[in-house]
Amino acid sequence: MGEFSAGKSTLANLLIGSDPLPVQVIATQLPPVWISYGDEAPYRSDLEGNQYPVDVDNLAEAPLEDTAYIRIFCNEDILMQCDLLDMPGISDPNMSSEVWQRMISKANGVLWCSHATQAWRQSEAAVWADLPDELYDRSLLLLTRIDKITSDRDRQKIVKRVRKETQGQFLDCLPISLLQATGEQDDYETWAKSGAEEFAKKLAELLQKLSSDLATHPQETSERDGTRPLKLPAFEGPDKPAEAAEVIDDAPSRIMPRRVIATSSEQRLRNES
């Protein structure tokens, strides 16, 4: 989640290791996109739970006013551990906040992206304050495009300020440059400054926590291949790829958005019958 052009779709694409989501300006006009592991055909679900086929190359054609979410499938490692929900920007004047508000209740945790040059704006703080408190210790705040802040001193000041302002509201606040994380994998010093390694570790901790927290709610998880360790190729460093990419020894159950799963499955059975 986050405001427009904060790096949300770019982060989602890097996490899953492919590019199913548009990252151009038009991405802000998309309804929530639910990304899962598998080979099934993509579809959109309307507000009544009815499903319709969609073209992944033309997701923007989905009618915002009548679409609860778009669901697409990929065979990527991270999706063996969790599903992802890519949300539209929270401050788009051309989009009702209901578009993303009706899906936030399905989220078990949040990766919030805030542009480092305007880190943690009042509009972001206001929206976050209205979300369920239970998300606070299940979410990470990412200060994206930290490479735009060229002074190490300025970076430290920004991170210190935001951490102070958001104390107790996130599992952690992490500066990260998605550009450097993926484009400087042959230069360890530059790559290390990107924040990729720390993000990979914190993401591991978050998935572990979610798996533990949701263990008492089996309807919110599904079966997965526990023998496959989660890897994040886009965040691997040049000298320590295994350490940067390996997340959890005892991989958690696959985490899926809550409640929407049963509704989707039931509706699909009705559509097929």
Side-chain angles (χ1 to χ4, degrees), residues 1-2 4 8-13 15-90 92 94-111 131-132 135 210 214 217-225 252-273:
M1 291 188 67
F4 164 65
K8 302 180 302 298
S9 294
T10 299
L11 175 62
N13 286 335
L15 286 174
I16 63 180
S18 58
D19 299 301
L21 302 178
V23 292
Q24 314 94 317
V25 174
I26 194 63
T28 190
Q29 293 298 319
L30 286 179
V33 180
W34 176 9
I35 314 165
S36 302
Y37 185 87
D39 296 310
E40 299 179 47
Y43 64 86
R44 75 174 185 88
S45 178
D46 67 15
L47 303 183
E48 302 298 325
N50 300 305
Q51 298 172 8
Y52 306 90
V54 295
D55 181 356
V56 174
D57 294 326
N58 295 287
L59 295 182
E61 294 181 357
L64 282 174
E65 66 281 358
D66 188 46
T67 300
Y69 60 87
I70 293 173
R71 193 171 186 191
I72 61 178
F73 300 84
C74 304
N75 292 319
E76 301 293 344
D77 282 340
I78 192 170
L79 299 176
M80 291 290 291
Q81 308 296 331
C82 66
D83 283 22
L84 299 175
L85 285 171
D86 185 60
M87 296 289 201
I90 62 170
D92 186 348
N94 299 313
M95 179 185 296
S96 169
S97 59
E98 292 181 358
V99 172
W100 58 265
Q101 285 176 343
R102 55 186 172 230
M103 281 298 287
I104 190 60
S105 64
K106 317 301 181 185
N108 302 122
V110 174
L111 297 179
L131 298 186
L135 289 174
L210 286 172
L214 301 178
H217 302 282
Q219 72 274 18
E220 297 182 12
T221 62
S222 64
E223 295 298 323
R224 56 166 299 279
D225 181 2
S253 298
R254 181 171 161 224
I255 302 162
M256 300 179 69
R258 68 182 79 175
R259 289 188 293 277
V260 74
I261 305 161
T263 301
S264 174
S265 299
E266 293 167 3
Q267 185 63 44
R268 187 173 305 174
L269 289 175
R270 289 196 291 270
N271 290 345
E272 291 175 349
S273 61

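Source: prediction; values computed, not measured.
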Heavy-atom closest pair (Leu135 atom, Ala107 atom, distance to 0.1 Å) is CD2-O, 3.8 Å

Rounded to the nearest 0.5 angstrom, the CE-CZ distance for Met95 and Phe4 is 10.5 Å

- Are side-chain heavy atoms of Val54 and Leu59 found at a separation under 4.5 Å? yes

For Thr67 and Arg102 the tightest heavy-atom approach is O-NH2, 3.1 Å

Handout entry: Residue pair Arg44 / Asp66, side-chain heavy-atom distance below 4.5 Å
Key = yes

Quiz item: How about Ile104 and Val110: do any of their side-chain heavy atoms sit closer than 4.5 Å?
Solution: yes

| field | Beyond-backbone contact of Tyr69 with Tyr43, side-chain heavy atoms, under 4.5 angstrom | value | yes

Are Pro32 and Pro88 side-chain neighbours, meaning at least one heavy-atom pair lies under 4.5 Å? yes

Smallest heavy-atom separation, Pro42 atom then Ile72 atom, equals CB-CG2, 3.8 Å

For this session: Let me see the working for Arg71 and Ser45 under side-chain hydrogen bond (donor to acceptor under 3.5 Å, both in side chains), right down to the final yes or no.
Result: CA-CA 8 Å; Arg71 193 171 186 191; Ser45 178; over 6 Å; no

Practice task
Take Lys106 and Asp83, measure what salt bridge (charged side-chain N to carboxylate O under 4.0 Å, His left out) needs, and give me the verdict at the end.
Solution key: CA-CA 11 Å; Lys106 317 301 181 185; Asp83 283 22; over 6 Å; no

pair Asn75-Tyr37: side-chain heavy atoms closer than 4.5 Å:
yes

Would you mind reporting whether Asp86 and Leu11 have side-chain heavy atoms less than 4.5 Å apart? no

One should read off an interatomic distance between Ile70 CD1 and Leu85 CG, to the nearest 0.5 angstrom, of 12.0 Å

### Task
Indicate yes or no: at least one non-hydrogen side-chain atom of Leu79 is less than 4.5 angstrom from one of Asp77.
no

